[in-house]
Amino acid sequence: MKNPYHQEDPDPHVAMGARSAWLVIALFLAFIALPPLYRNVFEALRPAADGERWVPAVEVFNFDPQGEKTLAKHFQEFEKPLDDAPFTEPVRRAVQRAEVAALREGNRKVVVGNDGWLFYRPGLDALAGYGPVRPEPDTVAKDPNRAPWRGPAPAIRNFARQLREFGCELILVPIPIKPMIYPEKLTGSAFDRPLKHPDADALYRELEASGVRVIDLTEILWSAKQASPEPLFLKTDTHWTPEGMAFFAATLAEALRHRPWMADLPADRRFQKTEVPREGLGDLVGMLGLEGTRAFEAEHIAVREVFAQPGGEPFAPDPAAPVVLLGDSFVNIYADESLGWGAGAGFAAHLAMQLGMPLDVIARNGQAATGVRRELASRPEAAAMMRQKKAVVWALAARDLFLSETPAQETGVVWEDVKFRESGAAESPVAGDGPVEVTGEVIKRYEPHDPNRVTYQEEIFPLEYRITEGAGSIKPGDTVIVYHWAFREKKLLPASRYQVGDSQRLTLVRLSEKAELSTIQRIEFDIDFDAPEPIPYWAEAVSAPGADPSPESEPTGSLAFAHAAAAGSCLALAALAFLAVKALRNRRYGMWEDEAEA
Amino acid sequence: MVFSSHIFLFYFLPLALLAYYATPRGGKALVLTLASYVFYGWWNPWFTLLMLASTAVDYACGKAICAAGASPGQRKAGMITSVAVNLSILGFYKYAGFFAGNASTLAEMLGWGAVQAPAFIYQIVLPVGISFYTFQSMSYSIDLYRGHARPAPSFLDFACYVSLFPQLVAGPIVRYGSVAEQLHHRVHTSQGFALGIARFSLGFAKKILLANPMGAAADSCFAAGDGVLTAPLAWLGACAYAFQIYFDFSAYSDMAIGLGRMLGFRFPENFDSPYKSASITEFWRRWHISLSSFLRDYLYIPLGGNRKGTARTYANLMIVMLLGGLWHGAQWNYLAWGAIHGTMLAAERMMGKSAFYGRLPHALKVAATFGILLITWVYFRAENMDAASRYILAMFGQGGGAPESAILAAQVLRPANLFYFVLCGGIAFFAPRSVAMMENLTGRRAAMLVGGLAVAVAVMFTQGFNPFLYFQF
């Protein structure tokens, strides 16, 4: 029977013989089959970090139909570590290096500018994209069940209102980002004013009208740039230089001195600063995945470390101070070792020195929109504490205010309301008296981010456990929140794969005792602001029940055997395939009808 | 599962090929069907039930249509049931929210007060590829009813046809009649397999090396804030999108055809260098050929085609293009896109299937056609009618001027993008079509294309998640 609408298409003539065709097939099959085979054999034979073997391909069958997770979600999670296969890393790095060298091309996170200047791409979106006044339109292409997007204005207004009720003033300080002050390093053309998102002034006016004091120092920083021989921003980093930061701190301090509540506060603290040289590569080089290469030159800077006088103690936040500084990595840079530029010389220290008074500081990298407010509001008896404060200075990258829905979601910027806790802290069974060993079953899992879709290198995340074997005052049946590493240096760690129902032997310490984790990106656990503050713990070591606990990190040691076995498996498969094809071709198997040699 | 993903390339494909070729001839349809259901169920396993239901209904309808001694009425009832069920599935998942929203707006405009549809209507998730497989499945019953095909000998054969993973979610739309024979008897040759590899590699490279960079440039322009988009940038953004959608969609078709070839199938071509067209009429002969021929055969001709007078012909063209627009998405901007194409087709029909600029030199006709297409693509790409209108105004100088335009310009006019613009333009306007590139394929050229695949995979590692544009339809 003939279909009258049958489409006649040309059938290309193949001018290759059977042998050539088989070579092409072998090349292709080797390309798609050997890397996963190598990886799975290698993972199966490498030393395990936590007493458990993890074979990527087998994980697809590790699904609990009775669990909370859907099968579709399980498949998505199965895919994540596959994308992160170790063999992709050197390839990714080589391609990126070639793209930077040949075409000055960055990646999804970084744009390469002129003269070795790098720019964080979401920062550019925050200048030229949709903004808070005309938000990103909705479309059928978006997931209809996604969380509704809230821009910054409602959350800021609500926060200001809450603070007003405590008798505390909110001062919003949008920190100008690099392309606002150095647009010529990206565009090559000269500008006579700093760049801002076209909605910026309208948003600031709207916030001012609703009682939020906005101190926008963009113009002043622009003027300083014209006068300063030193750059105010690092070439290869998202953040400012020590000069830019110090200037901004001095200017902000000057603006704060004119606030009415300042008159009541003594400005009698003395600090001393010491210049220390440092060198390094900025975070943007890391986002390109080119750290450790010579693609970019190290930057040499001089930071000013701040010490209290008398005593010479390094600057430290004072939770009892009347002014709270909330901030992000602009506040943390030069104060947080994990950002790569050392500690002791951050924005808070310089602001305190300029003001001559102590500061209460909450600064979290990338979480100035909600995370820092959440931390402030969830402190024990936060409401009572805030009645003692005079002001909250909220210094955050202006970028966060102007990202529209899609780039905001990609960078993890969310604007949520918070509620100040009236109650005190829950009693801690592990109150700073050393680690305890318990066994628990995972009863709730918080989803870590995909390391390839976020800009930071490390993340910790919480799991909720029900204790099955207690120790000290942690009793069987207790529920505890335990933080683990989700990933480090972009590599997912074993805990990221723990599922509800898994049992683990844990060595716990209070999270608050791990000062080195305070600035690491973290997934928040659900907070009930009306209940006593739960004590989150840190899993110092983890193991399967019955085994010796081991630190949560990738194991070290010789991997040669695993590599050799993986390579051997690939060779064996190739040999088997060759023999099978030969046998098939000889028997013809009713399947292959090779055309004559061309 | 997405072709341009780690899971597909390094896990699904080798395992599927291994299972397929390790299975004796009699079991191949089953293996292929199971692999296709795994492929499709990867997005949401529940949606495989929907596909299975659609398949079962159409198979049963086919049985009814071809039953010995079936009366014309029974045959017609079978066909109508199949069409009604498929359109209902499509209507529920794709158009319920659109119609409910517009009905609510209309009711308010007419002063009938707020008529709210249940909230779940607006939260229905569109199953990937539903527009493609419902059309395919439905075409089976229609072809049987018309006597253009024989019924599938078994449910498995039919399920295999509907679910074939290479072309399941984004075409080409393969009609049952064109693969019925191949479902039973396929010739597997090493040369055919190598040809499939070459075609798949070409498609993969097009997607990663051309479509994705152009997509990033287009995204920047279409996401520009108020006052940022200048006229030149707006045109460049539309141009970037035109290249993105062409290289993305034709890449998918290349990969589908290549995968089909690896499995012994020959699927119809879907593109014929569409941007070389000198009129919109010619464009529709070259663009998404499997959809345009589907609409021609199953909609335009049944509506009367050009057999019922001039006015009716124009009306039919408009109806077909409006529904073609709506097929792409349940939004007014897709309808506007269809309306512009329908108007152009009718106008060209009035002028003897020639563009109103038909007397210009050929190069200028091609340029003019591309210019018109750029405007229509704005309606296709923009999030909604308001966004499309603002973008069109920006194209004609009513947009930016803010200094922040320089930031957008710096992103769009990066050296790499300029390189890709030139490359895409060169290929779109001057290179032969994909199938012609496969002509006289030698082992060396095929191996080079596999090398191109390796380069594209390496670049893919530096890119993020990159689904195909047509998945959303």
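In what follows, every heavy atom counts, from backbone to side chain, and hydrogens, waters and symmetry copies are set aside. Here is the naming used below: chain letters follow the sequence lines, and residue numbers restart at 1 for every chain. This is a predicted model, so every value here is computed, not measured.
- The environment of CZ in B:Arg444 is sparse: at most 12 heavy-atom neighbours from other residues, nucleotides or ligands sit within 6.0 Å.
- Both the backbone and the side chain of A:Ile32 have a heavy atom closer than 4.5 Å to some heavy atom of chain B.
- Of the listed residues (A:Val112, A:Thr187, A:Asn40, A:Leu34), the one with the most heavy-atom contacts under 4.5 Å to chain B is A:Thr187.
- Counting heavy-atom pairs closer than 4.5 Å to chain B, the top residue among A:Arg121, A:Arg104, A:Glu99 is A:Arg121.
- In this model, a donor atom of one side chain and an acceptor atom of the other lie less than 3.5 Å apart for B:Ser293 and B:Arg175.
- Contact tally against chain B (heavy-atom pairs below 4.5 Å) for A:Ala72, A:Gly129, A:Gly188: the top residue is A:Gly129.
- B:Trp42 is listed as a side-chain neighbour of A:Glu79, based on a closest heavy-atom distance under 4.5 Å.
- Between the side chains of A:Asn114 and A:Tyr182, no donor-acceptor pair of N or O atoms lies under 3.5 Å.
- By number of non-hydrogen pairs under 4.5 angstrom with chain A, the leading residue of B:Met438, B:Gln411, B:Arg445, B:Met437 is B:Gln411.
- B:Thr442 meets the side-chain hydrogen bond (donor to acceptor under 3.5 Å, both in side chains) test with no other residue; sequence neighbours excluded.
- Residue A:Arg93: no heavy atom, backbone or side chain, is found under 4.5 Å from chain B.
- For a residue to count as touching a neighbouring chain, one of its non-hydrogen atoms must lie under 4.5 Å from one of that chain's; by this rule A:Asp192 does not touch chain B.
- Contact annotation for B:Leu229: neither backbone nor side-chain heavy atoms come within less than 4.5 Å of a heavy atom of chain A.
- Of all the listed residues (A:Pro35, A:Pro36, A:Ala21), the one sharing the greatest number of non-hydrogen pairs under 4.5 Å with chain B is A:Pro36.
- B:Phe200 and A:Phe28 have perpendicular rings, their planes meeting at more than 60° on a 0 to 90° scale where under 30° would count as parallel.
- Ring-centre distance between B:His6 and A:Phe87: below the 6.0 Å cut-off.
- Counting heavy-atom pairs under 4.5 Å between each of A:Lys196, A:Gln96, A:Met180 and chain B puts A:Lys196 at the top.
- Contacts with chain A were tallied for B:Leu408, B:Val450, B:Ile197; B:Ile197 has the most, counting heavy-atom pairs under 4.5 Å.
- The nearest pair of heavy atoms linking A:Pro183 to A:Trp222 is CD-CZ3, 4.0 Å.
- No part of B:Val455 comes within reach of chain A, as not one of its non-hydrogen atoms sits under 4.5 angstrom from that chain.
- In this pair, A:Phe63 and A:His74 present their aromatic rings tilted. The plane angle is within the 30 to 60° band.
- In this structure, chain B has a heavy atom under 4.5 Å from the side chain of A:Phe78, while its backbone stays farther away.
- In this structure, chain A has no heavy atom under 4.5 Å from any part of B:Arg199.
- The aromatic rings of B:Tyr21 and B:Phe193 sit tilted, their planes meeting at an angle between 30° and 60°.
- If you measure heavy-atom distances from A:Phe191 to chain B, the contacts under 4.5 Å come from the side chain alone.
- Among the candidates B:Leu13, B:Leu413, B:Asn44, B:Asp272, the residue making the largest number of heavy-atom pairs closer than 4.5 Å to chain A is B:Leu13.
- Note that A:Lys109 lies outside the cation-pi zone of A:Tyr120, set by a 6.0 Å cut-off to the ring centre and a 45° limit from the axis.
- Of the atoms belonging to B:Ala406, heavy atoms from both backbone and side chain fall under 4.5 Å from chain A.
- With a threshold of 4.5 angstrom between heavy atoms, A:Glu89 does not approach chain B through any atom at all.
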